[in-house]
Amino acid sequence: MLALFDLDNTLIDRRGSLEEWVRHFVRFRSLPPAAGPVISKRLRARAYPADLAEVGAIFGLSVPAEELWREYTEGMAGAARCLPGAERGLGELRDTGWTLGVATNGAGDIQRAKLTSTGLTRFFDGVCVSEEVGVRKPARQFFEAAAKLCGTDLRLGGWMVGDNPETDIEGGRAAGLHTMWIAAGRQWPTNVRSPDVVVADVAEATAALSVLAL
């Protein structure tokens, strides 16, 4: 059985990593403290080289965009931390025969750097990053590519586990997958079809999948 996992704020704490990186960046670049919230807001949803170039322009940094992106990539990878229970849960799923994949939007270099730095790569049969396959969640083509990279076929079914109601849950459902939403203390949006399963965090998600495999 296939289980696809989102990466940011599902397996790793991107919010925490971003805040840590922003604090370091503001100090290193001698920016005013007020710059921190501006940068965090600009990069909260997503970050690509163009976003770092815009940050540099906003604060008048005479630094090549490529250098800022490299600084961001290396810093975020260094600050990346697995959410509690991720490694243990993924290892148990592999032991019970699940086919596991990462299904994440984002730039290939930084997403893979985070997987490497946290040691998560070893748990997965395939890694699907939107920039690398040329299509983003919630498009069905993305999930087809993710299944193929894991050595299986989307038509055989499986699960999508993630924290984003639109890209992970709606996208996964439309692609024919069962869906598991990581609530992380939030309420499911009103007037939106519910996921198949709601869990608190990734540890609860992997435990639920383990039961399904029995």
Side-chain angles (χ1 to χ4, degrees), residues 1-15 18 42-54 69 72-73 76 80 83 86 90 93 98-116 120-121 123-184 186 188-199 202 205-206 208-209 212:
M1 179 72 75
L2 172 68
L4 298 174
F5 287 82
D6 175 51
L7 179 60
D8 293 323
N9 302 316
T10 293
L11 296 174
I12 66 169
D13 179 14
R14 183 181 184 273
R15 296 184 188 92
L18 179 62
R42 184 68 186 82
L43 303 179
R44 187 171 296 134
R46 56 194 286 186
Y48 286 89
D51 299 300
L52 271 295
E54 184 172 331
W69 177 248
Y72 175 78
T73 299
M76 285 291 285
L83 287 164
L90 292 170
L93 289 178
W98 281 82
T99 297
L100 303 180
V102 172
T104 177
N105 286 338
D109 51 2
I110 189 166
Q111 298 301 72
R112 288 186 178 276
K114 288 185 286 189
L115 284 166
T116 299
L120 288 176
T121 306
F123 295 112
F124 295 102
D125 299 282
V127 174
C128 185
V129 186
S130 62
E131 183 185 62
E132 296 177 348
V133 298
V135 63
R136 293 174 57 84
K137 291 182 292 184
R140 178 183 177 86
Q141 294 94 326
F142 175 91
F143 293 98
E144 290 173 342
K148 185 176 181 180
L149 287 167
C150 291
T152 185
D153 193 307
L154 188 64
R155 292 172 294 183
L156 298 176
W159 287 80
M160 177 64 209
V161 181
D163 68 301
N164 189 298
E166 178 185 0
T167 59
D168 297 324
I169 305 306
E170 287 298 310
R173 178 187 295 116
L177 297 170
H178 298 295
T179 55
M180 188 175 292
W181 183 57
I182 294 182
R186 300 166 297 162
W188 181 255
T190 58
N191 301 320
V192 179
R193 182 180 170 186
S194 299
D196 294 302
V197 179
V198 175
V199 294
V202 66
T206 55
L209 289 173
L212 291 170

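We're numbering straight along the sequence, starting at 1. Since the structure is predicted, the reported quantities are computational estimates derived from the model, not experimental observations.
- The two residues V133 and C128 make their nearest non-hydrogen contact at CG1-SG, 3.8 Å.
- No donor-acceptor pair under 3.5 Å is formed between the side chain of T104 and the backbone N or O of V129.
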Q. Would F5 and T206 count as a side chain to side chain contact (heavy atoms under 4.5 Å, CB included) if you check the C-alpha gap in whole Å, the side-chain angles of each, and the deciding distance to 0.1 Å?
A. CA-CA 10 Å; F5 287 82; T206 55; 4.2 Å; yes
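- What you find for P195 and I169 is that their closest heavy atoms are CB-CG2, 3.7 Å.
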Q) So F123 and L93, side chain to side chain contact (heavy atoms under 4.5 Å, CB included) or not? Walk me through it. A) CA-CA 9 Å; F123 295 112; L93 289 178; over 6 Å; no
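- For the pair W98 and L90, the minimum side-chain heavy-atom distance is 4.5 Å or more.
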Q: Please step through side chain to side chain contact (heavy atoms under 4.5 Å, CB included) for the pair I12 and L120, ending with a clear verdict.
A: CA-CA 10 Å; I12 66 169; L120 288 176; 3.8 Å; yes
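- The nearest pair of heavy atoms linking T179 to G172 is CG2-C, 4.0 Å.
- Taken to the nearest 0.5 Å, the NZ atom of K148 stands 12.5 Å off from the CG atom of L154.
- Counting all heavy atoms, side chain and backbone alike, G157 lies closest to L2 at O-CB, 3.9 Å.
- Of all non-hydrogen atoms in V197 and V199, the two that sit nearest each other are CG1-CG1, 3.9 Å.
- Listed by first and then second residue, the salt bridge (charged side-chain N to carboxylate O under 4.0 Å, His left out) pairs involving residues 169-178 are E170-R173 (not counting sequence neighbours).
- Summarising the geometry, atom CZ belonging to R14 is positioned 13.0 Å from atom CG belonging to L83; distances are rounded to the nearest 0.5 Å.
- A side-chain donor-acceptor contact under 3.5 Å links D8 and Q111.
- Taken to the nearest 0.5 Å, the CG atom of D196 stands 6.5 Å off from the NE2 atom of H178.
- Of the inter-residue distances, the one linking T73 atom OG1 with K114 atom NZ reads 9.0 Å to the nearest 0.5 angstrom.
- Taking OG1 from T152 and CG from D125, the interatomic distance works out to 9.5 Å, rounded to the nearest 0.5 Å.
- L209 CG to M180 CE: the interatomic distance, rounded to the nearest 0.5 Å, is 4.0 Å.
- Residue R186 qualifies as enclosed at atom CZ: its count of foreign heavy atoms under 6.0 Å is above 12.
- Under the 30°/60° scheme for interplanar angles, the aromatic rings of W188 and W181 are found to stand perpendicular.
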Taking distance alone, no hydrogens or angles, what donor-acceptor pairs closer than 3.5 Å link side-chain atoms of residues 135-145 to residues at least two apart or in another chain?
residue	atom	partner	partner atom	Å
R136	NH1	Y48	OH	2.9
K137	NZ	D6	OD1	3.0
K137	NZ	A103	O	2.8
K137	NZ	D168	OD1	2.6
R140	NE	E144	OE2	3.0
R140	NH1	A175	O	3.1

Q: With side chain to side chain contact (heavy atoms under 4.5 Å, CB included) as the test, would you mind laying out the steps for Y72 and D51 before giving the verdict?
A: CA-CA 11 Å; Y72 175 78; D51 299 300; over 6 Å; no
